[in-house]
There are 2 protein chains.
Amino acid sequence: MRIQYIFKPISIYGDIDMELRHLRFLTAIADHGTFTRAAEALHMAQPPLSQQVKRLEDDLGVRIFDRSGRGAALTSAGDVLVERARAILSLAKEFETLARALGAGDQGHLRVGMAGGVSLLPLIPAAISAFRREKPGVTVTLEESNTPALCASLRLGQVDMAIVRPPFSMPISSCAP
Amino acid sequence: MRIQYIFKPISIYGDIDMELRHLRFLTAIADHGTFTRAAEALHMAQPPLSQQVKRLEDDLGVRIFDRSGRGAALTSAGDVLVERARAILSLAKEFETLARALGAGDQGHLRVGMAGGVSLLPLIPAAISAFRREKPGVTVTLEESNTPALCASLRLGQVDMAIVRPPFSMPISSCAP
DNA sequence: ATCGGTTACGATATTCGTAAGGATT
DNA sequence: AATCCTTACGAATATCGTAACCGAT
C-alpha cells in the first residue's frame, strides 16, 4: 500500500475583488496565445500581467492557463471561463455605450423662438428655468420674434421649437425633426 | 433677442476604466437611497463614494442620481443603468461561483484501488502520472489488494475507483457515486 | 541560446479617509 | 439646526515597471 500526498499551496493574499480588468486580462491572453503579446496589446509590461492572473487563479482556486515554453493555452476550465468573461465584458461595453447615449440626450443645444410678449406669461419663464435645472448640460438659446417669422424659422430648422400665439398657419406635419 | 449660454464642465481627468466596483457603488446607492447609508453598507467612508460616482458620471457624461437634501434618487437614465448594472454584477457573481466549482473539481482526494500486479502493466503508472500532472491539486491514494476485496471496498465507498482483472463479479450499476 | 513565464522589489498611481465647506429641508 | 452631499488634501494601498531568475524548446 503506497500513499502519495500533494500539498496544494493556499493563497497568502486575502481574497481579492474580481474586477473587469481581470477579465480583460484573461480574454487578451486567450486571444493572443502568450502572456507577452497579450501584455503588449494591453499596453503594459508582462510581469504584472502574470502576477494579476496568477493571483486571480489562486483566489478562485482554478487554473485557467497551461503555461509552457511556447505560450499559454486554455485549460478546459479556462475555456469555459473565458467564454463567460467575454459575455460579461460585452455587457459592460454595452453599459458604457448606453450610458453615453442617455447622457447625450441630456446635452446639446436647444433653440427656442418666442413670440413677442410671451415671456410675460408666468408659465413660460418658469418652464424654461425648470428645464435648465433638469438638463444643465443643454445650452438654451432664446430668440424673440413675431409669430409668422418664427413659423418660418421653425420650418427652416433655424429654431428647434417656437412658442407662438394663434392665429398661426402651419400644419403640424411640418414640425422640425 | 436674448441668448443664454451654459458652459458644461468637461472632465479634467482622463477617461477611467469602468470596473465592477463602480457598478457595485451604483446598486448600493440605489438600494439604500442615500450615499451615506450605501457607504456604510460598502464598508467605506461616504466622501470617496461620492468621488467615484461623480467621476463615473462625468466620464460617461450622464447623471445617474438626483442629489437632494434628503438623499439620492435615480434619474430616468440612472434607472435604466442600475438595472443593467445588476445584470452585469449577477453574471460576475456567477463567474466566480462557476470558477470555484471548476477549481474544486481539480482538487480533492482520489482513492484508487489496484489489483496485485496491475502496477507492472506499463499503461497504469503512465496514466496515473499523467493524471497527477494534469490535476496537481488532487491527492491520489494508491492501494494494492486483490480483486474481490477491491470490489468490496468500491461497494463500501472506501475507494473511488478500482483497477481489477477479470474475472470479477460486480454489476456496473453498483458503481460508487 | 532564445523565447516565454515567474519572482522580487522599488516606483508610481489610484483609491481611501479625515476635515472643512455648502446646500437643502 | 440637522442632514446629506461635495471639495480638499494627506495617507494607505494596490498596481505597475525594471531587473534578475528559472524552464523549456
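Chain letters run A, B, ... following the sequence lines, proteins first and then strands; every chain starts at 1. All figures in this text were calculated on a predicted structure; none of them were measured in a lab.
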Subject >> DNA chain C contacts among residues 31-38 of chain A, heavy-atom distance under 4.0 Å >> reply: A:Thr34, A:Phe35, A:Thr36
Original post:
So, does B:Thr75 use its side chain to make a donor-acceptor pair with the main chain of B:Asp66 at under 3.5 Å?
Top reply: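 A pair under 3.5 Å: no.
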**OP:** Could you tell me whether the side chain of B:Arg67 and the main chain of B:Ala72 form a donor-acceptor pair under 3.5 Å?
**Re:** no
**OP:** Between protein and nucleotides 9-25 of chain C, map the contacts as a letter string: B base, S sugar-phosphate only, - none, heavy atoms under 4.0 Å, written 5' to 3'.
**Re:** B-----SSBBB-----S
Original post:
How would you list, by chain and number, every residue that makes a salt bridge (Lys or Arg N to Asp or Glu O under 4.0 Å) with B:Lys93, sequence neighbours excluded?
Top reply: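 With sequence neighbours excluded, B:Lys93 shows a salt bridge (Lys or Arg N to Asp or Glu O under 4.0 Å) to no residue whatsoever.
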Original post:
In chain order, what residues pass the side-chain contact (heavy atoms from CB on, under 4.5 Å) check against B:Val80, with sequence neighbours excluded?
Top reply: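 By the side-chain contact (heavy atoms from CB on, under 4.5 Å) rule, B:Val80 matches A:Leu98, A:Leu102.
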Subject >> Set of side-chain hydrogen bond (donor to acceptor under 3.5 Å, both in side chains) partners for B:Glu96, sequence neighbours left out >> reply: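 Partners of B:Glu96 under the side-chain hydrogen bond (donor to acceptor under 3.5 Å, both in side chains) test: B:Arg100.
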Original post:
Mind checking what makes side-chain hydrogen bond (donor to acceptor under 3.5 Å, both in side chains) contact with A:His22, not counting sequence neighbours?
Top reply: A:Gln52
**OP:** Verify side chain to side chain contact (heavy atoms under 4.5 Å, CB included) between B:Thr36 and B:Leu49, making sure each step is shown before the conclusion.
**Re:** CA-CA 9 Å; B:Thr36 305; B:Leu49 178 60; over 6 Å; no
Subject >> Start and end of chain A contact along DNA chain D [non-hydrogen atoms, under 4.0 Å] >> reply: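 Range of nucleotides within reach of chain A: D:dT15 to D:dT25.
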**OP:** Could you note down all residue pairs passing salt bridge (Lys or Arg N to Asp or Glu O under 4.0 Å) where residues 69-91 of chain A supplies at least one of them, sequence neighbours left out?
**Re:**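 For residues 69-91 of chain A, and leaving out neighbouring residues, the salt bridge (Lys or Arg N to Asp or Glu O under 4.0 Å) pairs sorted by first residue read A:Asp31-A:Arg86, A:Arg84-B:Glu94.
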**OP:** Given side chain to side chain contact (heavy atoms under 4.5 Å, CB included), test A:Phe65 with A:Val53 step by step and report yes or no.
**Re:** CA-CA 9 Å; A:Phe65 296 104; A:Val53 173; 4.1 Å; yes
Original post:
Who passes ring-ring contact (aromatic ring centres under 6.0 Å, His included) against B:Phe95, sequence neighbours left out?
Top reply: none
**OP:** Mind grabbing the angle between the end helix axes of the helix from C:dA1-D:dT25 to C:dT25-D:dA1? Five pairs an end, 10° rounding.
**Re:** 30°
Original post:
Mind checking whether B:Ile16 and B:Arg55 have side chains closer than 4.5 Å, heavy atoms only?
Top reply: yes
Side chains of residues 38-46 of chain B: which donor-acceptor pairs under 3.5 Å do they make with residues two or more places apart or in other chains?
unit_1: B:Gln46; atom_1: NE2; unit_2: B:Ser50; atom_2: OG; d: 2.9

